[in-house]
Colleague: 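Following this message is one structure expressed as structure tokens.
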Amino acid sequence: MKERRADFPILNEKINGQPLIYLDSAATAQKPARVIAKIQDYYQHQNANVHRGVYTLSQAATDLYEGARDQVQTFINAANRAEVLFTRGTTESINWVATAYGPQHLQAGDEILVSYLEHHSNLVPWQVLARQTGAKLRYVALDEAGRLDLADLHHKLNPSTKIVALTHVSNVTGVINPIAQITNWAHQVGAVVVVDGAQAAPHLPVDVQALDADFYVFSGHKLMGPTGIGVLYGKKALLEEMQPVQYGGEMIEYVGLDEATFQPLPWRFEAGTPNIAGAIGLGAAIEYLRSIGMAQIAADEAQLTTYALNKLGAIEGLQIYGPTTGQDRTGVITFNLVGIHPHDVATALDQEGIEVRAGHHCAQPLMRYLGVTATVRVSLYLYNTAAEIDQLVAALVAIKEYFADDFT
């Protein structure tokens, strides 16, 4: 662990005079030095536009950009590199599916199945699509532990279900959904499955062929790459029947005065100059993750998550939302201290150099389902340690005592 932490320059920073303890990786992950260096190297030595130039620099930039696509293909085990589309992130990827696939395949009376676990990015596009097409949005319930109620999900799947849009890992409760089982059920009724992998791809081995996901999306910055780059994976047959979302340079094949033809996959969806540096940085982040091994990362995180849950669970008056054991979940832990506003907790922790998230976490329907307006969220990654958890717990105990004294 010490060797890994040395790879992240930002962990040497101090916050309010205290060593940084970064516990907000679900929002964005910190970047290893090699990712930062790779982006800098591109701008210093290979900066040119891709695909369009026959000169050496453009060809070098194109090789790096397309090489990143190959790295993503391997990382998620896509069957074909043409199934990997670069976007700005998870949000744009889901919107592309909702815009380019949804209207052509839904009509009044059809159903879109989602859950109370979803991030707004995997809810609002489907709300809009439902209004546009007359389709109905249906929600899968949760069990007492905050996991998907699989019996309810199976019951709600029916021949009218055309799209099932679910998160692989919740950004609030950290639960890991059984996607392979769900896709099997969904395909039996003819539904297409869209998986929000924003919180899964950085932490778990992802094999889109084994999951049999029709679409799988994630963001680069959550797996230690740059912001502004993301991935939309789609099965080739589905992508080929979709119309481009944007039009312009790069994606065209022929343009006449009244009509145009478009490039084959994947370029037909990548109009304009792409985020070249972002893709290259994403490729570097994937290289870093693979040098450790995703299975190893998942195992280490599971151990640290169990440690954190045990320590946090021992604090009187601290309520954890979601599973309280480390089984089938990641290191996203959401909680409240009874009687203390989450923003006050986060502000007090910041004074100790401990960075956590507080709010509704872009999951307002889930907050209402849980009966709260906001929570504190701790999210762990491969650079966090048990010692940091101990410091978090000590700070939370001190905060609890401070507010108890304040109200007496």
Side-chain angles (χ1 to χ4, degrees), residues 26-28 85 87-142 146 148 153 156 160-173 175 177 179 182 186 191-201 213-222 227-234 238 242-246 269 332 334 357-370 372-375 377:
T28 195
L85 311 183
T87 67
R88 290 188 301 153
T90 300
T91 299
E92 184 167 82
S93 296
I94 295 171
N95 275 272
W96 279 17
V97 178
T99 301
Y101 178 85
Q104 287 73 38
H105 294 84
L106 266 73
Q107 58 186 3
D110 289 338
E111 296 178 359
I112 305 169
L113 191 60
V114 295
S115 83
Y116 287 98
L117 292 175
E118 305 312 313
H119 188 282
H120 295 162
S121 296
N122 201 32
L123 277 180
V124 179
W126 308 118
Q127 292 174 347
V128 173
L129 178 62
R131 286 198 300 270
Q132 289 175 340
T133 60
K136 181 180 180 181
L137 206 61
R138 302 190 72 189
Y139 284 79
V140 178
L142 308 180
L148 283 181
L153 187 154
K156 286 175 177 170
S160 294
T161 309
K162 302 304 178 185
I163 295 176
V164 177
L166 295 173
T167 186
H168 194 169
V169 171
S170 169
N171 76 309
V172 174
T173 64
V175 297
N177 288 326
I179 296 299
I182 293 168
V192 165
V193 180
V194 183
V195 182
D196 174 359
Q199 299 296 337
D214 299 292
F215 299 97
Y216 194 98
V217 303
F218 60 94
S219 297
H221 70 99
K222 294 183 190 295
T227 55
I229 189 72
V231 170
L232 166 56
Y233 158 82
L238 294 176
M242 290 164 53
Q243 290 298 307
V245 179
Q246 296 174 312
F269 285 96
V332 175
T334 302
R357 179 77 38 163
H360 55 64
H361 316 298
C362 294
Q364 288 178 318
L366 178 57
M367 293 293 109
R368 287 190 289 271
Y369 192 93
L370 296 173
V372 296
T373 57
T375 63
R377 185 183 72 186

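Note that this is a predicted model, so its numbers are computed, not measured.
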Colleague: What heavy-atom pair brings A165 and W126 nearest, and what distance separates the two atoms?
Modeller: CB-NE1, 3.3 Å
Colleague: Tell me whether S170 contacts the main-chain N or O of V175 through its side chain, where contact means a donor paired with an acceptor under 3.5 Å.
Modeller: no
Colleague: Quick check against the 3.5 Å criterion: does Q199 have a side-chain atom that pairs as donor or acceptor with the backbone of A26?
Modeller: yes
Colleague: Give the intermediate values and the outcome of side chain to side chain contact (heavy atoms under 4.5 Å, CB included) for residues F269 and T87.
Modeller: CA-CA 9 Å; F269 285 96; T87 67; over 6 Å; no
Colleague: For D214, enumerate each residue passing the side chain to side chain donor-acceptor pair (under 3.5 Å) test, keeping only those at least two apart in sequence or located in another chain.
Modeller: H187, K235
Colleague: Please tabulate, for side-chain N and O atoms in residues 129-141, each donor-acceptor pair with protein atoms closer than 3.5 Å (sequence neighbours left out).
Modeller:
from: T133; atom 1: OG1; to: L129; atom 2: O; distance (Å): 2.8
from: T133; atom 1: OG1; to: A135; atom 2: N; distance (Å): 3.3
from: R138; atom 1: NH1; to: E111; atom 2: OE1; distance (Å): 3.4

Colleague: Would you mind listing every salt bridge (charged side-chain N to carboxylate O under 4.0 Å, His left out) that reaches into residues 88-108, with sequence neighbours excluded?
Modeller: R88-E92
Colleague: Could you list the residues that satisfy side chain to side chain donor-acceptor pair (under 3.5 Å) with E118, not counting sequence neighbours?
Modeller: S115, N122
Colleague: Supply the atom-to-atom distance S93 OG to F218 CZ, rounded to the nearest 0.5 angstrom.
Modeller: 8.5 Å
Colleague: Go through the structure and list residues passing side chain to side chain contact (heavy atoms under 4.5 Å, CB included) with A374, not counting sequence neighbours.
Modeller: P342
Colleague: How far apart are the closest heavy atoms of S160 and G109, and which atoms are they?
Modeller: CB-O, 4.0 Å
Colleague: Nearest 0.5 Å, what's the OH-CG distance between Y369 and L142?
Modeller: 4.5 Å
Colleague: Going by side chain to side chain contact (heavy atoms under 4.5 Å, CB included), name the residues that satisfy it together with H361, two or more places apart in sequence or in a different chain.
Modeller: N171, V172, T334, R357, M367, T375, R377
Colleague: For I163 versus G102, what's the shortest heavy-atom pair and its separation?
Modeller: CD1-CA, 4.5 Å
Colleague: Suppose we screen for side chain to side chain donor-acceptor pair (under 3.5 Å). Which residues come up paired with T99, at least two apart in sequence or across chains?
Modeller: none
Colleague: Using 0.5 Å steps for rounding, measure from the CD1 atom of I179 to the CG atom of L148.
Modeller: 8.0 Å
Colleague: Mind checking the CD1-CG spacing from I112 to L106? Nearest 0.5 Å is all I need.
Modeller: 5.0 Å
Colleague: How far apart are the closest heavy atoms of V193 and A186, and which atoms are they?
Modeller: CG2-CB, 3.5 Å
Colleague: Could you pull out all residues at least two apart from H105 that satisfy side chain to side chain donor-acceptor pair (under 3.5 Å)?
Modeller: E241
Colleague: So L153 and V164, side chain to side chain contact (heavy atoms under 4.5 Å, CB included) or not? Walk me through it.
Modeller: CA-CA 10 Å; L153 187 154; V164 177; 5.7 Å; no
Colleague: Please name the residue in the list V97, V245, V194 that meets the side-chain contact (heavy atoms from CB on, under 4.5 Å) test with L232.
Modeller: V97
Colleague: For F215, check ring-ring contact (aromatic ring centres under 6.0 Å, His included) against everything at least two apart and list the hits.
Modeller: Y101
Colleague: Using side chain to side chain contact (heavy atoms under 4.5 Å, CB included) as the criterion, list what pairs up with A198, not counting sequence neighbours.
Modeller: T90, D196, K222
Colleague: Would you please name every residue forming a ring-ring contact (aromatic ring centres under 6.0 Å, His included) with H119, sequence neighbours left out?
Modeller: none
Colleague: How close do A201 and Y216 get, counting heavy atoms only, and between which atoms?
Modeller: N-OH, 4.2 Å
Colleague: Can you name the closest pair of heavy atoms from A98 and P103 and give their distance?
Modeller: O-CD, 3.1 Å
Colleague: Can you list the residues that meet the ring-ring contact (aromatic ring centres under 6.0 Å, His included) rule with H221, with sequence neighbours excluded?
Modeller: none
